[in-house]
J.: 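Pasting a structure below so you can have a look.
None of the values given here were measured: they were computed from a predicted structure.
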Amino acid sequence: RILTGGFTVDPCDMSTEGVKTVTVHCGNLSVTFEITVDADIIELPESDHPYSNNMNETWSYTHPTEVLGLWITFSDETITEQGCDTITIYDATGAPVGRYSGTELAGATVGVKGSSFTIEMSTDVSVTMYGFAVTSVGEITSEEDLPEVVPEGLNYGFTKDGTVVIHGYFGSETTLKIPGKINGHPVTQIGNEAFNGNGNLTEVILPDSITLIEGRAFCNCYNLRSVTLGAGVNEIGYYAFSNCPNLTEPILPESVEMLGEGVGNNCGEGLYKTYGNACYLGTAENPYKFLIRAVDMQITEVQIHPDTKVICEYAFSDCSGLIHVTIPEGVERIEYYAFGWCHSLESIQIPDSVTELGDGAFQSCGNLRSVSIGSGLTQMGTGVFGMCNNLESAQLSEDNTAFCLDESGVLLNKAKTELIAVLLKNISSYEIPDTVLTIRSSAFEDCENLSSLTIGNSVQNIDGWAFSSCDC
């Protein structure tokens, strides 16, 4: 006999996969049986396509078994109106995991703790787009794979290569510990001006995964007293910690190779080491690794610490009274405009240890008469000796394997396929070697006496401003 009515079925959750027990009642008769729900028929959270304006809607998912956490994967089409419409994910405890906008979730996988999650979507009154679709939910089975706690109020986004960049913090805590991973993606950058003007923070702890701190990242954090830098930081951008008057740290990790201009300007006493009329930042092993700036602009001479590795950008720029400087063996880089506009500087000897001269390193040193370049130089920026119009003597070590200097004071690469720069600006005529393929930018800059120049058929590229300020 087939029953078509008069029976009831006990409630049973069919929204998750697994074996379900179903009980059917008909009068005094009860029947219990099992049904297997396949994962393929489970409905995963998904918005309307396109979604609606002026909405605030939530979707929930509960996993059929208890697990440490879940991986939530979104479709490649997932998108909302950037900066206006948001998707927020909450873990099993109701704690926010992250808020996303634009294409940040497109093809992304987000990790949450616990066996359930909720997705909230909020939209404004204009522009609708595809929305989102969860394509799969996977289990996190290892404690090591669990997502780290993301502080409430931490603002972040994703780079093109899938890593995380921190954009700011709008929470109320005074101590901020930034996780090494967010949603399974490594946190690698502190973005430009990320914490600029945050007057609440007193301490920030960065993970080892951070490799880049961009310009002005912690600028104007007036109450900031301590920043713990992770072991992976490679580059710190310009003015990153400037105007933090209570900051007397950090000691840089050994991994740091590049510091921007004014990294610690107007910070607390003790942030810099001083030696020989210059200020330094360094590591625990080498407190004098980076020469940051002159102690003041009125110095006439400077003695650089023998442990210094880098003379940073603009370090002595506009020290117009600087006459004498001794660069010790051991310095590896002189960065751009480090000695720019040092109008009184008379001579410079670049030791064999220096491998790189940045753009305009000695730009506009109008009284510079002689230059000696060591054997180790391998990289030469643009306009390194630009506007050094009184240069009378230039020497290059015979042991240098990257460059050669001809009798006219013209610097070329060793193979003579690239004309780098004319060092002696009083040149009146010159015949470019037949081997030269490229004339570099600013190569003949300020050669005001140049009246005759022969360019052979071999030259294929003449970079911009190659002959700037040549009265020819």
J.: Could I get the full list of salt bridge (charged side-chain N to carboxylate O under 4.0 Å, His left out) partners for Glu313, not counting sequence neighbours?
T.: none

J.: Could you list the residues that satisfy side-chain hydrogen bond (donor to acceptor under 3.5 Å, both in side chains) with Thr103, not counting sequence neighbours?
T.: none

J.: For Lys113, check salt bridge (charged side-chain N to carboxylate O under 4.0 Å, His left out) against everything at least two apart and list the hits.
T.: none

J.: Do Thr23 and Thr32 have a side chain donor and acceptor closer than 3.5 Å?
T.: yes

J.: Hey, does the side chain of Ser468 reach the backbone of Glu445 with a donor-acceptor pair shorter than 3.5 angstrom?
T.: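 Checked: no pair found.
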
J.: Mind checking side-chain contact (heavy atoms from CB on, under 4.5 Å) for His185 and listing every partner two or more places apart, or none if nothing turns up?
T.: Phe158, Val164, Asn183

J.: For residues 150-172, which residue pairs pass the side chain to side chain donor-acceptor pair (under 3.5 Å) check, not counting sequence neighbours?
T.: Tyr100-Tyr156, Thr159-Asp161, Thr159-Thr163, Asp161-Thr163, Thr163-Thr188

J.: Can you name the ring-ring contact (aromatic ring centres under 6.0 Å, His included) partners of Trp465, sequence neighbours left out?
T.: none

J.: Taking Thr93's backbone N and O only, do any of them form a donor-acceptor pair with Asp91's side chain (distance below 3.5 Å, no angle check)?
T.: yes

J.: If you round to the nearest 0.5 Å, how far is CD1 of Ile236 from CD of Glu214?
T.: 12.5 Å

J.: Which residues pass the salt bridge (charged side-chain N to carboxylate O under 4.0 Å, His left out) test with Glu418, not counting sequence neighbours?
T.: Arg440

J.: Got a donor-acceptor contact below 3.5 angstrom from the Thr355 side chain to the Leu377 backbone?
T.: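 No.
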
J.: What's the shortest heavy-atom distance between Ser115 and Ala92, and which atoms?
T.: N-CB, 4.1 Å

J.: Pairs in or reaching into residues 280-293: which pass salt bridge (Lys or Arg N to Asp or Glu O under 4.0 Å), with residues at least two apart or in two chains?
T.: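 Listed once each, the pairs are Glu257-Lys289.
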
J.: Assess whether atom NZ of Lys414 is packed by more than 12 heavy atoms of other residues, nucleotides or ligands within 6.0 Å.
T.: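 Atom NZ in Lys414 is crowded, with more than 12 foreign heavy atoms closer than 6.0 Å.
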
J.: Name each donor-acceptor pair under 3.5 Å that joins a side chain in residues 77-84 to protein atoms two or more places apart or in another chain, with its distance.
T.:
unit_1, atom_1, unit_2, atom_2, d
Glu77, OE1, Ser75, OG, 3.4
Thr78, OG1, Ser75, O, 3.1
Thr78, OG1, Ser75, OG, 3.1
Thr80, OG1, Asp85, O, 2.9
Thr80, OG1, Gly102, N, 3.0

J.: I'd like to know if the side chain of Thr135 and the backbone of Thr73 have a donor-acceptor N/O pair within less than 3.5 Å.
T.: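 Yes.
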
J.: By ring-ring contact (aromatic ring centres under 6.0 Å, His included), which residues pair with Phe362, not counting sequence neighbours?
T.: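 Phe339, Phe385.
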
J.: Is it true that a side-chain atom of Thr86 and a backbone atom of Ser101 form a donor plus acceptor pair closer than 3.5 Å?
T.: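 Side chain of Thr86 to backbone of Ser101: no pair is present.
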
J.: Considering residues at least two apart in sequence or located in another chain, which fulfil the side-chain hydrogen bond (donor to acceptor under 3.5 Å, both in side chains) criterion with Asn413?
T.: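 Thr417.
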
J.: Tell me, please, which residues at least two apart from Tyr130 pass ring-ring contact (aromatic ring centres under 6.0 Å, His included).
T.: His49

